[in-house]
Amino acid sequence: MKEELSQLIQQSLDSLVAQGHLPQDIQPQVQIDRTRDKSHGDMASNIALTLAKAAKKPPRDLAQLICEALPKADLITRTEIAGPGFINFFLSQQSNQAVIRRILEEREAFGKNNVGRGRKVQVEFVSANPTGPLHVGHGRGAAVGDSLCRLLAATGWDVSSEFYYNDAGAQIQNLALSVQARCRGLQPDDDAWPEDGYRGDYITELAECYQRRDRIDAEDRHVTGAGDPDDLESIRQFAVAYLRREQDLDLKAFGVHFDIYFLESSLYQSGAVEATVQSLIDNGHTYEREGALWLRTTDFGDDKDRVMRKSDGGYTYFLPDVAYHLNKWQRGFVRVINEQGADHHSTVTRVRAGLQALQQDIPEGWPDYVLHQMVTVMREGEEVKLSKRAGSYVTLRDLIDEVGRDATRYFLVARAASSQLTFDIDLALSQSNDNPVYYIQYAHARVCSLMRKLEQQGWTWDAQGALEHLGELGEEHETALLRRLDRFPEVVANAATNSEPHTVATYLRELAGDFHTWYNAHKMLVEEQPLRDARLALSDAVRQVLANGLALLGVSAPEAM
RNA sequence: GGGGGUAUAGCUCAGCUGGAUAGAGCACCGGCCUUCUAAGCCGACGGUCGCAGGUUCGAAUCCUGCUACUCCCGCCA
């Protein structure tokens, strides 16, 4: 609809140029906005304001000329010049109603587009090391990352979701030592307890399972406990598998799936890390100092150079990060989005710098990052500290068990990633019925209920027939709903390109609000069939868009509540 | 000291990439169930968009400088 309007304005401008009212060399950027206030019509353009200077005419006069030169079109009932020189367009009811037709024809596909054109995109998220259960911060990453995947798939991208983790580093060693200590009957406060060992209860359970020789089946690995407390390597293998399986269960309970689990250790085994070092040396971006090998990341915008190889010969985490992202590039992802906690923001410049230093023609801003700010958890008015070592923290599973999957997902995805999030458990629990997610789901269930009621009354309804009667709609709540529905494809498109899934949540809240208002103002199941059919068509369209939107957030759309 | 993020109603947050009179939800106050789901609706209250400049027809939005809070700044990941 915007397109059509924009073309009409363009034609008008062309004829004004031809008539000499406008100079030849103008470069109009025709912009059409939805109006916020319905007294301003349906759409508005600021074109006269932006061209006024070049045209050497007052904006309102220019707007008048543009309106007069506008070709006749069915979709416009009238235009109005307002304020400093806006042109307001009042669209015909028919053009407003067209959206219902479109939704009922496209169904699940309404809102989708093909801007991705089948190109490959990867979203890496969560990427928690297997040293403990997932906590709320990981939950935010999971909710945002998974929703991003859904948005990208809906906009025509070939999406791959990936979980990256280190299965062999110092922290894993620490984990193995902690389990070993438990196997030997040690307590965290004993003198012999490993320094910085993990203290959580799950370490005890892990040790018991290992000694019982349990078999562990995680998504990406299968291990049977050896039972021998002296075999640290076996303990390590077992512990990693055990915690990976725990995380699998967390993710499954959250409705999040990964296509690929990528191991940091594989980068060493394949020689990718070595090759990356060599390539960086060959390209002349490194130097040695104090026995360590440095990469001159300052050449690429970093504020100081970074060590790649320590003086003891080991690599810093930075190097496998670069090797990993080179690997992603080689896998053909034109777009990569890394969803991480904002505490990792300093790696952004570093990884990009490392990739530039490889001189493989990787674009400068590649990859993309979505960094979410901290999640703090409040319980009984106090902040719950997230300390893995102390073992007392709120896990994602706790949250799902207490608050429910849908509410947890909604809470964690409904805010802009850049804003800090306070997850108040008591609030989420005590007011679980006032939760915004239920408000949206309730609207969906209400429509489903209407359809059931319709049958009980012995009436029937079909979309095709109902479309004949759309002319019955036109009252102000209905117009507001139609306008809101019409926006959905734009919301999806913007959310996907800007990596902002929270805007979908905001939209759904507004749509549900419009629906509840309308529902309360009118009876849907009226005697007159044309009006009834028309209202049910609108209801069904709302239901469909709510379902489509909730699916993008990974939240269910219940038929009854 | 350097960098990331944030600052909008009592509280939690939106604000469609610069538009017209800044919006929701909680909380508080007053109404609406013999009628399709009251997990709902209607109304009232509530604002110096952190502060100060700048850019222009027009700024919560862009630029500069401050202030506050928060996170990072290791040859840890």
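When reading the values below, keep in mind they use all heavy atoms of this one structure, side chains included, and skip hydrogens, waters and symmetry mates. Chain letters run A, B, ... following the sequence lines, proteins first and then strands; every chain starts at 1.
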**A/Lys328 with A/Glu162: basic N within carboxylate O range, under 4.0 Å** =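 No, A/Lys328 and A/Glu162 are not salt-bridged.
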Could you give the distance separating [M] and [N] at their [atom1] atoms, to the nearest angstrom?
N: B/A14; M: B/G4; atom1: C1'; answer: 23 Å
N: B/U6; M: B/G15; atom1: C1'; answer: 16 Å
N: B/G1; M: B/G46; atom1: P; answer: 42 Å
N: B/C11; M: B/A20; atom1: P; answer: 26 Å

Base of [N] paired with side chain of [X] (donor-acceptor, under 3.5 Å):
X: A/Gln457; N: B/C36; result: no
X: A/Asn498; N: B/U17; result: yes
X: A/Thr316; N: B/C75; result: no
X: A/Asn46; N: B/G19; result: yes
X: A/Tyr438; N: B/A39; result: no

**Message:** Counting neighbours of CD on A/Glu490 that are heavy atoms of other residues, nucleotides or ligands and sit closer than 6.0 Å, is the number greater than 12?
**Reply:**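 Yes, because the 6.0 Å sphere around CD of A/Glu490 holds more than 12 heavy atoms from other groups.
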**Request:** Check whether more than 12 heavy atoms from other residues, nucleotides or ligands sit under 6.0 Å from atom CD of A/Glu455, and answer yes or no.
**Result:**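 No - once you tally the heavy atoms of other residues, nucleotides and ligands closer than 6.0 Å, there are 12 at most.
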Can you tell me if [X] touches the phosphate of [N], counting only side-chain N or O atoms and a distance under 4.0 Å to OP1 or OP2?
X: A/Lys53; N: B/C57; answer: yes
X: A/Ser449; N: B/U37; answer: yes
X: A/Tyr439; N: B/C41; answer: yes

What is the pairing partner of [N], taking Watson-Crick or G-U wobble pairs with both distances under 3.5 Å in any strand?
N: B/G58; result: none
N: B/C26; result: B/G10
N: B/C69; result: B/G5

**Request:** Map A/Arg446 and A/Gly169 onto RNA chain B by nearest heavy atom, then report which one ends up closer to the 5' terminus.
**Result:**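 First, find each residue's nearest nucleotide; the 5'-ward one identifies A/Arg446.
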**Asked** So which nucleotide from B/C13, B/U37, B/A77 ends up closest to the side chain of A/Thr422?
**Response**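 It is B/C13.
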**Message:** Please classify the nucleic acid contact of A/His522 as base, sugar-phosphate, or nothing, using heavy-atom distances under 4.0 Å.
**Reply:**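 Here A/His522 touches the bases of the nucleic acid.
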**Item:** Atom pair distance, as rounded to whole Å: CE in A/Met561 and P in B/G40
**Value:**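 From A/Met561 CE to B/G40 P: 9 Å.
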**Request:** To the nearest Å, give me how far apart CD1 (A/Ile32) and P (B/U17) are.
**Result:**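 In whole Å, B/U17 P lies 13 Å from A/Ile32 CD1.
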**Message:** Can you see whether A/Phe163 has A/Arg244 sitting over its ring - NZ or CZ less than 6.0 Å from the centre and within 45° of the normal?
**Reply:**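 Positive - A/Arg244 is close enough to the ring of A/Phe163 and near enough to its axis.
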